[in-house]
Amino acid sequence: MTATTGSELADLLAGPVVAAARGLLGCTVSANGVSVRLTEVEAYAGTAGDPASHAHRGRTPRNAVMFGPPGHAYVYFTYGVHWCMNVVTGPEGEASAVLLRAGEVIGGLDIARARRVAVRRDVDLARGPARLCTVLGLGRSAYGLFLLGDGPVRVAPPAVPVPAAVVAAGPRVGVTGAHDVPWRFWIAGDPTVSTYRRHVPRRRS
DNA sequence: GCGACGATTTCG
DNA sequence: GAAATCGTCGCT
């Protein structure tokens, strides 16, 4: 299930979200002078009975783009601090999407480091969904952009396909429920994959 | 209109 | 372990 052309990638994203997620591993995301090879992603099934999805309770202004056609960016702001990015998948109305959790910087390394000055090791530059958006310079302005064309943010098929044998799966990170659903996918052994953290609810003082 | 909380990161 | 920090969404 690896796309080798843009057309195949478009078809993959139009299909079931789990296959789309696995197919996005190894793909290159390029924006604002930096390119990242995806090493970790998570699938969210939208309105199809996935309580962890931002679209689970139906359409709202924030998640509206997820209800549209596949191949567009769903970017959201969280914790008052961070931006994270998804690729919308599946048919219109389903609202499924794949969260881009981590990657390896393969282009524009100097720019990426300038955006995360405190980072010492290159493998930590995009090791986490908000970190990935930071090195790519993504924020509100990326919301809804089409990712498979000639726009400012692009997703392209892998230069070297990722063998199915090296793809690992497990529970999604930080989600409140659905801990039994193994919809987090990563490239086994890759040092740029983020560490697993269980969701911990915050308490008010 | 109000308030609890979040698909996180960083520091102590 | 806990703070930072604010947009979003359901409703106490």
Side-chain angles (χ1 to χ4, degrees), chain A residues 13 17-18 20-22 24-25 29 36 38-67 70 72-90 94-103 105 112-144 147 155 168-186 191-205:
Chain A
L13 296 183
V17 67
V18 168
R22 299 181 69 119
L24 279 167
L25 287 175
V29 185
V36 170
L38 296 176
T39 57
E40 181 188 2
V41 298
E42 282 175 357
Y44 288 87
T47 55
D50 181 5
S53 170
H54 286 173
H56 177 236
R57 301 193 183 213
R59 181 177 181 138
T60 68
R62 179 175 73 150
N63 66 26
V65 70
M66 298 174 78
F67 287 80
H72 291 254
Y74 165 50
V75 178
Y76 68 93
F77 185 61
T78 191
Y79 290 96
V81 188
H82 303 296
W83 292 94
C84 297
M85 175 179 168
N86 293 248
V87 178
V88 175
T89 71
E94 183 178 292
S96 55
V98 175
L99 171 68
L100 309 185
R101 279 204 58 89
V105 175
R113 292 201 69 113
R115 291 186 177 135
R116 281 177 46 76
V117 177
V119 169
R120 295 173 177 276
R121 307 182 305 161
D122 286 344
V123 294
D124 290 327
L125 284 170
R127 191 162 170 261
R131 295 165 167 183
L132 186 142
C133 278
T134 297
V135 298
L136 289 172
L138 300 177
R140 174 98 245 174
S141 63
Y143 185 92
L147 303 170
V155 176
R172 293 171 290 185
V173 175
V175 299
T176 305
H179 281 250
D180 53 326
V181 181
W183 280 358
R184 173 189 182 222
F185 302 99
W186 66 94
T192 65
V193 172
S194 69
T195 54
Y196 178 76
R197 296 184 191 180
R198 193 178 87 243
H199 173 75
V200 181
R202 288 195 319 159
R203 267 194 10 203
R204 277 206 42 181
S205 52

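All values below come from the heavy atoms of this structure, side chains included, with hydrogens, waters and symmetry mates left out. Quantities reported herein were computed from a predicted structural model and do not represent experimental measurements. Below, chains carry the letters A, B, ... as their sequence lines are ordered, and counting in each starts from 1.
For B/dA4 and C/dA3, the P atoms lie 16 Å apart once the distance is rounded to whole Å.
Looking at A/Glu94, its side chain never comes within 3.5 Å of a backbone N or O of A/Gly46 through a donor-acceptor pair.
Residues meeting the side chain to side chain donor-acceptor pair (under 3.5 Å) test with A/Ser141, sequence neighbours left out: none. Annotation: side chain to side chain donor-acceptor pair (under 3.5 Å) contacts of A/Asp124 (sequence neighbours excluded): A/Arg121, A/Arg127. Applying the side chain to side chain donor-acceptor pair (under 3.5 Å) criterion to A/Ser194, with sequence neighbours excluded, gives A/Glu40, A/Arg101. Every residue was checked against the side chain to side chain donor-acceptor pair (under 3.5 Å) condition with A/Arg57, not counting sequence neighbours, and none meets it. With sequence neighbours left out, A/Pro51 forms a side-chain contact (heavy atoms from CB on, under 4.5 Å) with A/His56, A/Ala178. By the ring-ring contact (aromatic ring centres under 6.0 Å, His included) test, A/Tyr143 pairs with no residue at all, sequence neighbours left out. A/His72 pairs by the ring-ring contact (aromatic ring centres under 6.0 Å, His included) definition with A/Phe146, not counting sequence neighbours.
A salt bridge (Lys or Arg N to Asp or Glu O under 4.0 Å) check over residues 78-90 of chain A, counting only residues at least two apart or in different chains, returns nothing.
Among the heavy atoms of the strands, none lies under 4.0 Å from A/Arg184. Residue A/Arg172 is classed as having no contact, given no heavy-atom separation below 4.0 Å to the nucleic acid.
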Give the table of side-chain donor-acceptor pairs shorter than 3.5 Å for residues 80-89 of chain A, with sequence neighbours excluded, one pair per line with atom names and distance.
residue: A/Asn86; atom: OD1; partner: A/Leu99; partner atom: N; Å: 3.4
residue: A/Asn86; atom: ND2; partner: A/Tyr74; partner atom: O; Å: 3.4
residue: A/Thr89; atom: OG1; partner: A/Ser96; partner atom: OG; Å: 2.9

Using a cut-off of under 3.5 Å, enumerate the N/O to N/O pairs linking the protein to nucleotides 8-12 of chain B.
residue: B/dT8; atom: OP1; partner: A/Arg101; partner atom: NH1; Å: 3.3
residue: B/dT8; atom: O2; partner: A/His82; partner atom: NE2; Å: 2.8
residue: B/dT9; atom: OP1; partner: A/Pro129; partner atom: N; Å: 3.2
residue: B/dT9; atom: OP1; partner: A/Ala130; partner atom: N; Å: 3.0
residue: B/dT9; atom: OP1; partner: A/Arg131; partner atom: N; Å: 3.3
residue: B/dT9; atom: O4'; partner: A/His82; partner atom: NE2; Å: 3.0
residue: B/dT10; atom: OP1; partner: A/Arg116; partner atom: NH1; Å: 2.8
residue: B/dT10; atom: OP2; partner: A/Arg131; partner atom: NE; Å: 2.9
residue: B/dT10; atom: OP2; partner: A/Arg131; partner atom: NH2; Å: 2.6

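Taking atom CG of A/Asn63 as the reference point, atom P of C/dC9 lies 6 Å away to the nearest angstrom.
For DNA chain B, the stems formed by at least three consecutive Watson-Crick or G-U pairs, with both atom-pair distances below 3.5 Å, span B:1-6 with C:6-11, B:8-11 with C:1-4.
Taking every heavy atom of residues 46-61 of chain A and every atom of DNA chain B, pairs under 4.0 Å involve A/Ala52, A/His54, by number.
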